[in-house]
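Here's the structure, in structure tokens; my notes come after.
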Amino acid sequence: MLDPKRVRTQTEEIARRLAVKNFTFDQATFEEMEQRRRELQVRTETLQSEQNKRSRSIGKVKAAGEDIQPLLAEVDNLKQQRSEAEEALRELQESLNAFLSGLPNLPDESVPSGDSEDDNVEVRTWGTPPTFDFDVLDHVSLGERLKGLDFEKATRLAHSRFAVMQGPIARLHRALAQFMIDLHTGEHGYLETYVPYLVNADTLYGTGQLPKFEEDLFKISGDQPLYLIPTAEVPATNLVSQSILDADELPLRLVCHTPCFRSEAGSYGRDTRGMIRQHQFDKVELVHIVRPDESEQALEELTAHAEKVLQRLDLPYRVVELCGGDMGFSAARTYDLEVWLPGQNKYREISSCSNARDFQARRMHARWRNPGTGKPEPLHTLNGSGLAVGRALVAVMENYQQADGSIRVPEVLKSYMGGLERIQ
RNA sequence: GGAGAGGUGGGUGAGUGGCUGAAACCAGCUCCCUGCUAAGGAGCCAUACGCAUUGCGCGUAUCGAGGGUUCGAAUCCCUCCCUCUCCGCCA
């Protein structure tokens, strides 16, 4: 949620910045609602005040033995007006709130404009895409030949866009997650965190998935209205919701390994082959909760931590800064990490690192007590994949493939694979 | 799932209809006293929103959540949520 005060006072500016995200801000509607809200609120509070005043005096008048009938009549009249005003105010505040919570976060001034991923800006590259003196296979062919990946069985068990993994491939998948967690806790100072995989609507509202993107989520049936998490960002970031943190508790750095569930509505026909786009996938997620003046720096650090995973795995990648049109709802700034996939002969997203600034904190009421002002103020939140485990598996399989269809185990994963050198 | 007890400010904890947005204590902050330390004294110390703004401010809402009774609710009634204890069941 944007700061309502700011939306009110800098309306032009807000509209201009949101346009970078290809979002049209309906200024006329907003200003009209805002003006009515003001009138109704003043009227409601005045009536409340009058009624309170009279009610308080009734006790005294009664104690003095005087007639309270005239006061009762006045209060009765006020009550009528008050409840009408209250009702109108409540309705308006609801629509105003819906309007405001539907506004995406402001992109940073530095965010490049553009409509799609084609307009993202390459920031840097690392490593060199490998060359092969044989015809490369993609992870599907490699996995099926090694009897480690089975998409047909998964479809029979569940639906399309699911996978079954077995044997050393399944272990490699697990090894990747373990390696990532160990790296982030051991070298980058993250706190390992385990969270619920089902969350309620408030939690999803807090990080910005609701109310606008419900169709992307899996909602469970049953007594409790719960949703499968689309990313650990949701529960992990919401750990600080509804709270006021002391300055010395910051920054918080959390690492969280969970499955993620996405309906992938609207992506029919995209990446239908293989593990790139699944309804269920594992991800190691990094979350930072920081003081506002440290969030720019935190985004650089978080991105570097995600990059370190690819570097240790010796996987070539590039970093791109997302353009306005490709950014998420809650982000002010986003770096994507794209890993080289020989099977597709291109870079594909494997991590997305975003600074949400105070946008999520406002929605979830996460604050810190600023020693400078003594006041509770919204925190800044950041999140990034460190990394998507399924896609990391794809990248390792394709980049480490050998002419005979076997897969070399990356050096850093050998200890997690019981010393195995090669999957064949 | 069954029985019982509870949910009040950063913490502990008073408060069964108006003088309570909330006693007291602890923690924290400011000042005074003091050679240092320790002790002592005075004051401040919830959040959100609105109005006003030169300045002091004023108002509304909030005592788990929602609804109800009443001129008036932390306090009475209803529903729900959560926590604790015991029993049952269970990975």
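Each chain gets a letter, A, B and so on, in the order its sequence line appears, and its residues count up from 1. Because the structure is predicted, anything quoted here is derived from the model rather than measured.
Both distances falling under 3.5 Å, in either a Watson-Crick or a G-U wobble arrangement, place B:rU79 opposite B:rA65. Here B:rU16 sits opposite no nucleotide as a Watson-Crick or G-U wobble pair (both hydrogen-bonding atom distances under 3.5 Å). Nucleotide B:rG1 forms a Watson-Crick or G-U wobble pair with B:rC87, both donor-acceptor distances falling under 3.5 Å. If you check B:rU30 for Watson-Crick or wobble pairing at under 3.5 angstrom, you find it paired to B:rA42. When Watson-Crick and G-U wobble pairs are counted only if both distances are under 3.5 Å, B:rG72 pairs with no nucleotide at all. For B:rC58, the paired nucleotide is B:rG50, the pair qualifying as Watson-Crick or G-U wobble because both relevant distances are below 3.5 Å.
Checking B:rU60, B:rG50, B:rG18 against every side-chain atom of A:Ile58, the shortest atom distance belongs to B:rG18. When distances run from any side-chain atom of A:Gln41 to the nucleotides B:rC49, B:rU60, B:rC71, the shortest one goes to B:rC49. The listed nucleotides are B:rC51, B:rA48, B:rG72; the one nearest the side chain of A:Val42 is B:rC51. Ranking B:rA48, B:rU60, B:rC71 by closeness to the A:Pro376 side chain, first place goes to B:rA48. Of all nucleotides listed (B:rG72, B:rC49, B:rA48), B:rC49 comes nearest to the side chain of A:Glu45.
Rounded to an integer number of Å, the gap from CD of A:Glu50 to P of B:rC58 is 17 Å. Following rounding to the nearest Å, A:Leu72 (CG) and B:rC71 (C1') show an atom-to-atom distance of 5 Å. Distance A:Gln48 CD to B:rU62 P: 9 Å, rounded to the nearest Å. In this entry the distance linking CD of A:Gln93 with P of B:rA61 reads 13 Å, nearest Å. Across the protein-nucleic acid pair, A:Gln242 atom CD and B:rA65 atom C1' stand 12 Å apart, rounded to whole Å. In this entry the distance linking CZ of A:Arg90 with C1' of B:rC49 reads 17 Å, nearest Å. Look at CZ on A:Arg369: it is 18 Å from P on B:rA27, rounded to the nearest Å. Straight-line distance from the CG atom of A:Leu96 to the P atom of B:rC49: 13 Å, rounded to whole Å.
Positionally, the nearest nucleotide of RNA chain B for A:Glu377 lies more toward the 5' end than for the other of A:Glu377 and A:Val75. Comparing A:Lys5 and A:Thr46, the nucleotide of RNA chain B nearest to each residue sits closer to the 5' end for A:Lys5.
A:Arg37 comes within 4.0 angstrom of the backbone, heavy atoms only, and of no base.
Under the side chain to side chain contact (heavy atoms under 4.5 Å, CB included) rule, A:Thr203 has a single partner from A:Leu226, A:Leu239, A:Val234, which is A:Val234.
A:Arg56 has no side-chain polar atom (N or O) that falls below the 4.0 Å cut-off from OP1 or OP2 of B:rC71. Checking the phosphate oxygens (OP1, OP2) of B:rA61, a side-chain nitrogen or oxygen of A:Asn52 falls inside 4.0 Å. Proximity of A:Gln51 to the phosphate of B:rG72: a side-chain N or O atom is located under 4.0 Å from OP1 or OP2. Close to B:rG72, at under 4.0 Å from its OP1 or OP2, lies no side-chain N or O of A:Lys53. Phosphate proximity of B:rG50 to A:Arg8: present, with a side-chain N or O under 4.0 Å from OP1 or OP2.
Taking the ring centroids of A:Tyr197 and A:Phe261, they lie at or beyond the 6.0 Å cut-off.
Of all non-hydrogen atoms in A:Gln424 and A:Ser406, the two that sit nearest each other are CB-CB, 3.7 Å. Across A:His184 and A:Gly386, no two heavy atoms sit closer than the pair NE2-O, 2.8 Å.
For the P atom pair drawn from B:rA38 and B:rC51, the interatomic distance equals 48 Å after rounding to whole Å. As rounded to the nearest Å, B:rC80 and B:rU12 have P atoms that lie 28 Å from one another. Comparing B:rU85 with B:rU37, their C1' atoms sit 47 Å apart, to the nearest whole Å. Comparing the same atom, P, in B:rC58 and in B:rG6 gives a spacing of 39 Å after rounding to whole Å. Atom P of B:rG17 sits at a distance of 38 Å from the matching atom of B:rC87, rounded to the whole Å. On the C1' atoms, B:rU16 is 34 Å away from B:rG1, given to the nearest whole Å. Of the C1' atoms belonging to B:rU83 and B:rA65, the separation is 15 Å, rounded to the nearest Å. On the P atoms, B:rC63 is 15 Å away from B:rG68, given to the nearest whole Å.
Looking at A:Glu264 and A:Arg161, no side-chain N of the basic residue comes within less than 4.0 Å of a carboxylate O on the acidic one, giving no salt bridge.
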What donor-acceptor contacts under 3.5 angstrom involve side-chain atoms of residues 163-180 of chain A, with partners at least two apart or in another chain?
from, atom 1, to, atom 2, distance (Å)
A:Arg171, NE, A:Tyr416, O, 3.4

(message) Is there a side-chain hydrogen bond (donor to acceptor under 3.5 Å, both in side chains) between A:Ser55 and A:Asn52? Walk through the geometry before answering.
(response) CA-CA 5 Å; A:Ser55 290; A:Asn52 287 344; 5.6 Å; no
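Taking the six-membered ring where tryptophan is involved, the planes of A:Tyr190 and A:His288 are tilted, since the angle between them lies from 30° to 60°.
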